[in-house]
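In this chain, residues are counted from 1 in sequence order.
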Amino acid sequence: MPDLPQYLEKEASRFEEELCELLRIPSVSADSNCRDDMHRAAGWLHERFQALGLASEIVKTKGHPLVYAESPPVPGKPTVLVYGHYDVQPADPLDEWDTAPFEPAVRDGNVYARGATDDKGQLLTHVNSVEAWLATRGPLPLQLKFLIEGEEEIGSENLEVFLRNESKRLACDVVVISDTSQFGEGCPAITYGLRGIAYFELRVSGPSQDLHSGVFGGSVMNPINALTQIMSRLIDESGRIQVPGFYDDVVPLTERERAEFASLPFDEAAFCSQIGVTALAGEAGYSTLERRWARPTFDLHGIWGGYQGEGGKTVLPCRAGAKFSFRLVPQQDPHRIAAALRPFLESLCPPGIRMELIEMHGAPGALVSLESPFMSAAATAVERGFGQRPVFIREGGSIPIVTRFKEVLGVDTLLLGWGLEDDHAHGPNEKFSLADFHCGIRSSAALWEELSKIAP
Ligand code: BES
Ligand code: ZN
């Protein structure tokens, strides 16, 4: 019988092929045309868990199904809940991909496909480590519960319902998620903070139909003008958000944390060239890492209205709209933000314009304790998998369910990210390094061993 590292080497290319199989399923949760694919992706995972001998089930929800699988309890050892998501973000703009988003392609040691890093590649590391453990060492040294959902990228609302209803079944000592990033190449990280989010759509309308801008312009409020005026009032030139009360619950960065961020090897010039900009922007008085990890933001994601075809058209359009969100930091409540935003927008809405604000989804930010035996075990496991001690960082993205795990199950989450921030998650040419994929699998196997040394 090979030992575990030998097994991982022997099976490495099959693991890569299986990842590609899952990546071929276009499981875009936001796209209602992908409903069958969501079921296919859930079914793929369910079969994979069954093949490992885990008790697995596909759980129907009001939205996309989730997959739940567990191994037998191990008395005297901790129970670990592994969370991941099989849904992905929409792949457009399609013409900016070098190869098709759902036809995974391997180039320069990376696999390119929508979902490669976020989160199919990362979540499969934990499935593969279980396979390797069972094949080389026998029963798992602790109980694992896998909870893989299909709605993370649209706010995890149905998972929250399942979590509250099934909290007994999901009981555990700690949660493990690989859906974040390393600090940089060769610098693995454990993330202890995530931002939250409050996501909205605003629709404005004016005249009952499009008008000639020469005949009517100047006498009627143009909905696009109104929309851009309203949006420009949400943030000032120094990057401060103007919604009344917006900062009331923001927990300020401590001097210690600021010093820790400042001590990380962050190269602004390299960061600029990585994303193709000549200068950075953001809230005055904060460093780039502080702005990205621990300060709230406002961003427009899409804006529409009027004529966008070839040539010019002198139209005064009758409607316009925008999608936008605020990233939040711990203690800011997305519902409170929505409640403050609505009257503020109404106060900014000029006469002659009707507005409709849709609250799409929200999630609070999260901070997890660095002072737990689980955290120390995780650091050792990452070091064993990557050959490098991890640094502790916060990140700016959101994983909506993390705070709910703490509230409902009373447990902390270990955010062990194998991705890189230039993996282009959510953008064209998303990728995942196959070397990191395999380091992730090794770290995961080491994690089961390290966590099993802790008395629950
Ligand atoms: N994997 C990301 C979250 C993430 C990205 C954490 C980078 C840390 C660093 C996750 O899948 C994601 O993108 N979540 C959405 C959630 C939202 C749509 C509710 C996000 O952050 O935009
Ligand atoms: Zn993700």
Side-chain angles (χ1 to χ4, degrees), residues 1-25 27 41-56 67-71 80-86 88 104 106 109-111 113 115-148 175-180 182 188 378 381-382 384-387 414-420 423 431-452:
M1 204 195 242
D3 68 7
L4 197 147
Q6 283 168 343
Y7 184 91
L8 292 182
E9 245 169 71
K10 189 164 73 66
E11 302 303 328
S13 54
R14 178 176 54 84
F15 288 154
E16 293 172 11
E17 281 155 27
E18 284 177 357
L19 168 57
C20 290
E21 254 181 54
L22 183 57
L23 289 171
R24 272 185 210 107
I25 306 175
S27 44
W44 191 96
L45 286 161
H46 171 62
E47 279 175 26
R48 185 84 178 90
F49 287 130
Q50 280 187 320
L52 296 180
L54 304 192
S56 175
V67 185
Y68 179 73
E70 60 179 39
S71 64
V80 179
L81 180 73
V82 180
Y83 164 87
H85 63 96
Y86 68 80
V88 301
V106 175
N110 297 305
V111 57
T117 187
D118 187 7
D119 174 42
K120 290 171 176 174
Q122 296 209 54
L123 88 83
L124 283 189
T125 61
H126 298 299
V127 180
N128 295 335
S129 74
V130 168
E131 179 193 307
W133 190 290
L134 295 172
T136 59
R137 297 201 180 169
L140 291 167
L142 37 60
Q143 184 179 28
L144 288 184
K145 299 179 173 181
F146 280 93
L147 178 61
I148 315 295
V175 175
V176 169
I177 305 180
S178 292
D179 192 25
T180 49
Q182 304 177 59
V382 173
R384 285 176 56 188
F386 282 80
L414 301 170
L415 294 160
L416 313 179
W418 321 137
L420 290 171
D423 276 345
K431 67 172 173 63
F432 186 36
S433 148
L434 290 170
D436 289 337
F437 179 55
H438 296 296
C439 290
I441 301 171
R442 279 200 296 275
S443 304
S444 172
L447 183 67
W448 313 143
E449 185 171 314
E450 296 299 331
L451 290 175
S452 73

From [X] atom [atom1] to [Y] atom [atom2], the distance as rounded to the nearest 0.5 Å:
X	Y	atom1	atom2	value
N128	L19	CG	CG	8.5 Å
T136	L8	OG1	CG	7.5 Å
T125	R442	OG1	CZ	12.0 Å
L4	W448	CG	CH2	12.5 Å
L142	E450	CG	CD	11.0 Å
D118	L123	CG	CG	10.0 Å

Non-hydrogen atoms of A378 and L447 that approach each other most closely |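 In terms of heavy atoms, the two residues are closest at CA-CD1, 3.7 Å.
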Which atoms form the tightest heavy-atom contact between C20 and P104, and what is the distance?
->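 C20 and P104 have their closest heavy atoms at O-CG, 3.4 Å.
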Treating [X] as the side-chain partner and [Y] as the backbone partner, does any N or O pair qualify as donor plus acceptor under 3.5 Å?
X	Y	value
S56	A69	no
S178	L416	yes
K120	L22	yes
Q143	S71	yes
D119	H85	yes

Could you check S443 against W418 for side chain to side chain donor-acceptor pair (under 3.5 Å), going step by step and ending with a plain yes or no?
-> CA-CA 10 Å; S443 304; W418 321 137; over 6 Å; no
Would you say H126 and Y83 make side-chain contact, with heavy atoms under 4.5 Å?
->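 With C-beta onward as the side chain, the pair stays apart.
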Tell me yes or no: between the side chains of E9 and H438, is some donor less than 3.5 Å from an acceptor?
->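 No, H438 and E9 have no side-chain donor paired with an acceptor closer than 3.5 Å.
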Pick from L52, V130, V80: which one makes a side chain to side chain contact (heavy atoms under 4.5 Å, CB included) with L140?
->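 Exactly one pass, corresponding to V130.
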Would a line drawn from the ring center of F437 to the ring center of F15 be shorter than 6.0 Å?
->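 No, too far apart.
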What do the steps show when you test V111 against E16 for side chain to side chain contact (heavy atoms under 4.5 Å, CB included), and what is the final call?
-> CA-CA 9 Å; V111 57; E16 293 172 11; over 6 Å; no
Kindly determine whether L420 and T117 satisfy side chain to side chain contact (heavy atoms under 4.5 Å, CB included), including the steps that lead there.
-> CA-CA 8 Å; L420 290 171; T117 187; over 6 Å; no
Quick one: do W133 and E449 satisfy side chain to side chain contact (heavy atoms under 4.5 Å, CB included)? Show the steps, please.
-> CA-CA 10 Å; W133 190 290; E449 185 171 314; 3.9 Å; yes
May I ask you to say whether R48 pairs ionically with E21, meaning some side-chain N is under 4.0 Å from a carboxylate O?
->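 Result for this pair is no, no salt bridge flagged.
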Test side chain to side chain contact (heavy atoms under 4.5 Å, CB included) applied to F49 and I148, step by step | CA-CA 11 Å; F49 287 130; I148 315 295; 4.1 Å; yes
